[in-house]
Amino acid sequence: MKQTSLSSHRISTIDYMRGLVIVIMAIDHIRDFVGVRDLVQAPMADDASLAIYLTRLVTHLCAPAFVFLAGTSAGLMGERKSSNQVAYLLATRGIWLILIDLVLVSTLWMFSLPGSESPMGRLAMIFGVIGAIGFSMLCLSVLQYLGARLCLVLGLAIVLGHNALDPIWPTVEWRQEAPVWVALLRSMFVMTSAIDVAISYPPLPWVGIMLLGFGTAGLFTLPANRRDRQLLIAGIVMLILFAILRGTQIYGDTNLWQQKASIALTLRDFFDVSKYPPSLLFTLLTLGICALLMASARFVPNPIYRVLTVYGKAPFAFYLAHLFVIHSAAVLLGVYQGFEAKQFFIIYFAFPDGYGVGLLGIYLFWVAITAALYPLCKWVANVKAKRSDWWLSYL
């Protein structure tokens with residue numbers, strides 16, 4: 001039943017949305033690992049097919065939805081726990097996620113230990129979306145003492161205002177030396193004498209998005225009809241604001257759109273907004289669409305809704321498992337295509353030329369891998385529903 005109901009302190013709409021975006025996310029990672037080079041390197045370019053452009057564009061929903069809903073879950077946690085308990089859980093989860101990202105997730109992306117040598121030089125640990133969620137949780141563990149309203153105001157200030165720093169914030173190349181604080185808003189390597197850390201998800205804007213989720217968590221405790229109406233209004237407002245700011249280009253994204261040779265190419269450029277870091281326009285577009293998807297969740301056929309909810313109840317397990325399975329599939333595909341296995345024990349963008357499959361093959365891999373991971377997600381969801389061991393809060 002698609003109602004706003006607390007069951008084991010979970011709300012089904014949140015699990016549904018998490019499941020939807022994590023399944024969509026898998027498409028993008030499978031494209032990275034098994035796609036031919038032109039499908040990996042420049043999926044948003046003018047010469048890319050419309051199908052590959054849309055494949056990449058739709059996956060933009062994933063990270064903002066996850067970070068926002070992580071904040072929402074933290075806000076709902078406050079309904080049944082004290083501020084000190086919430087702070088402890090957020091802080092320990094945040095540290096755990098950062099360590100997992102730097103060590104385990106980095107290893108799964110590369111299939112080599114962090115810091116090992118590669119054709120690109122000494123490859124670093126990777127600070128990606130899991131690390132950004134962890135960093136945001138650490139910040140929220142302190143900021144949640146301000147209360148939901150002030151967190152909402154602060155989140156709005158960060159999301160609406162961080163692009164104002166673009167003209168004055170240092171611009172760096174990936175391997176250019178720069179102070180650590182620059183990584184708050186720039187993708188870059190933080191280089192030390194021992195190891196480099198690749199910051200692919202500059203965390204400050206993601207902190208703002210998580211604060212928005214925390215500040216609006218009360219919305220998900222409202223009756224279903226009222227909740228969906230407010231989500232619908234919020235989604236429409238965000239998309240209208242996106243259209244106005246993007247159309248006028250007065251603020252909100254450094255990646256300006258241009259008139260192209262055709263209306264179709266112009267529209268593609270119009271929606272090509274900055275993700276690294278997430279610009280205001282990227283956030284408005286993605287969270288606006290996510291709000292509409294959640295508002296219309298009750299119209300999704302029950303079998304699809306139930307399946308996606310299962311994935312959404314075990315997103316962390318799915319994330320770790322799908323990286324291992326996808327990278328393993330890439331190794332096997334590479335050997336099948338005549339390459340050496342060791343050529344794939346590296347980050348995907350350094351895979352050898354001539355490797356990979358087309359878009360149809362990507363979607364076939366996606367269906368197979370996503371289906372194969374469903375039993376794992378169902379088992380993890382059932383364990384978390386039946387048991388209350390403390391360590392299950394970190395899975």
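Numbers for residues simply follow the sequence, beginning at 1. Heavy-atom basis, side chains included; hydrogens, waters and symmetry copies ignored.
- Here the CG atom belonging to L146 is positioned 10.0 Å from the CG atom belonging to L140, to the nearest 0.5 angstrom.
- A donor-acceptor pair shorter than 3.5 Å can be found between the side chains of Y145 and N84.
- Classification of R56 and D28 as a salt-bridged pair holds, one side-chain N sitting under 4.0 Å from a carboxylate O.
- The shortest heavy-atom contact between G94 and M137 is CA-CB, 4.0 Å.
- Checking S12 against Y305 by side-chain atom types alone, a donor-acceptor pair falls below 3.5 Å.
- Taken together through direct or relayed side-chain contacts under 4.5 Å among Ile, Leu, Val, Met, Phe, Trp and Tyr, L204 and V142 form parts of separate hydrophobic clusters.
- Between the side chains of N225 and R298, at least one donor N or O lies within less than 3.5 Å of an accepting N or O.
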Point to revise | Intermediate values then yes/no, side chain to side chain contact (heavy atoms under 4.5 Å, CB included), L320 and L104 | key: CA-CA 9 Å; L320 296 179; L104 178 57; 4.1 Å; yes
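- With rounding to the nearest 0.5 Å, the separation of CD1 in I24 from CG in L308 is 8.5 Å.
- Counting only heavy atoms from C-beta outward, the side chains of I362 and L359 approach each other to under 4.5 Å.
- Across every non-hydrogen atom of L245 and Y251, the tightest pair is CB-O, 3.8 Å.
- In summary, the side chains of S141 and Y88 do not present any donor paired with an acceptor at a separation below 3.5 Å, with no hydrogens or angles considered.
- Heavy atoms from other residues, nucleotides or ligands lying under 6.0 Å from CH2 of W181 number more than 12.
- Looking at heavy atoms from C-beta onward, L184 lies in side-chain contact with P203 at the 4.5 angstrom threshold.
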**Study point:** Test log, rule ring-ring contact (aromatic ring centres under 6.0 Å, His included), inputs Y355 and F344
**Key:** CA-CA 10 Å; Y355 160 80; F344 299 89; 4.7 Å; yes
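- Atom CD1 of I263 is surrounded by 12 or fewer heavy atoms from other residues, nucleotides or ligands within 6.0 Å.
- Below 30°, between 30° and 60°, or above 60°: for Y201 and W206 the angle between ring planes is between 30° and 60°, a tilted geometry.
- The closest side-chain heavy-atom distance from F127 to V190 is not below 4.5 Å.
- For the pair M110 and F345, the minimum side-chain heavy-atom distance is 4.5 Å or more.
- Minimum heavy-atom separation, G354 to F339: C-CZ, 3.8 Å.
- Under the 4.5 Å side-chain contact rule for hydrophobic residues, L99 and L97 share a cluster.
- Annotation: K260, atom NZ; neighbour count of heavy atoms from other residues, nucleotides and ligands within 6.0 Å is above 12.
- Few gaps surround NZ on K275; more than 12 heavy atoms of other groups in view lie less than 6.0 Å from it.
- Y374 has its side chain out of reach of F318: every pair of non-hydrogen atoms, C-beta onward, lies at least 4.5 Å apart.
- Contact annotation: the side chain of H162 approaches that of L185 to within less than 4.5 Å [non-hydrogen atoms, C-beta and beyond].
- Using cut-offs of 30° and 60° on the angle between ring planes, the pair F242 and F270 is perpendicular.
- Proximity of a side-chain donor or acceptor of W366 to a complementary backbone N or O of A26 within less than 3.5 Å is not detected.
- In this structure, SG in C377 is found 7.0 Å from CD1 in I22, a value given to the nearest 0.5 Å.
- Both L165 and L284 are part of a single hydrophobic cluster, where members link through side-chain heavy atoms under 4.5 Å apart.
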**Study point:** Test side chain to side chain contact (heavy atoms under 4.5 Å, CB included) applied to F271 and W257, step by step
**Key:** CA-CA 8 Å; F271 287 101; W257 63 276; over 6 Å; no
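- In the hydrophobic cluster analysis, where Ile, Leu, Val, Met, Phe, Trp and Tyr join through side-chain heavy atoms closer than 4.5 angstrom, V36 is grouped apart from L332.
- Side-chain heavy atoms closer than 4.5 Å link hydrophobic residues (I, L, V, M, F, W, Y) into clusters, and following such links, even through other members, never connects V331 to L364.
- Atom CZ of residue F220 and atom CD1 of residue I11 lie 7.5 Å apart, to the nearest 0.5 angstrom.
- When each of H327, H29, H322 is checked for a ring-ring contact (aromatic ring centres under 6.0 Å, His included) with W109, only H29 meets the rule.
- Side-chain atoms of R18 and S73 form a donor-acceptor pair, as typed in the model, at a separation below 3.5 Å.
- The closest side-chain heavy-atom distance from Q337 to L333 is below 4.5 Å.
- In this model, a donor atom of one side chain and an acceptor atom of the other lie less than 3.5 Å apart for D253 and S274.
- Put simply, the side chain of L292 reaches to within 4.5 Å of the side chain of I236, judged on heavy atoms.
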Point to revise | V273 vs L285, side chain to side chain contact (heavy atoms under 4.5 Å, CB included): CA-CA, chis, key distance, verdict | key: CA-CA 9 Å; V273 285; L285 177 62; 4.3 Å; yes
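- In terms of heavy-atom proximity, A63 sits nearest to V129 at CB-CG2, 4.0 Å.
- Under the 3.5 Å distance criterion, the side-chain polar atoms of D15 are left unmatched by any main-chain donor or acceptor of T309.
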Exercise for review: Evaluate the criterion side chain to side chain contact (heavy atoms under 4.5 Å, CB included) for residue pair F214 and L152; output intermediate values, then yes/no.
Suggested key: CA-CA 7 Å; F214 182 85; L152 177 59; over 6 Å; no
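- A donor-acceptor distance shorter than 3.5 angstrom exists from the side chain of S279 to the backbone of F282, with no hydrogens or angles considered.
- The two residues L231 and M294 come nearest to each other via the heavy atoms CD1-CB, 3.8 Å.
- Taking CG of D46 as the reference point, atom CG of D269 lies at 6.5 Å (rounded to 0.5 Å).
- The two atoms that bring I126 and S200 nearest to each other are CG2-OG, 4.1 Å, heavy atoms only.
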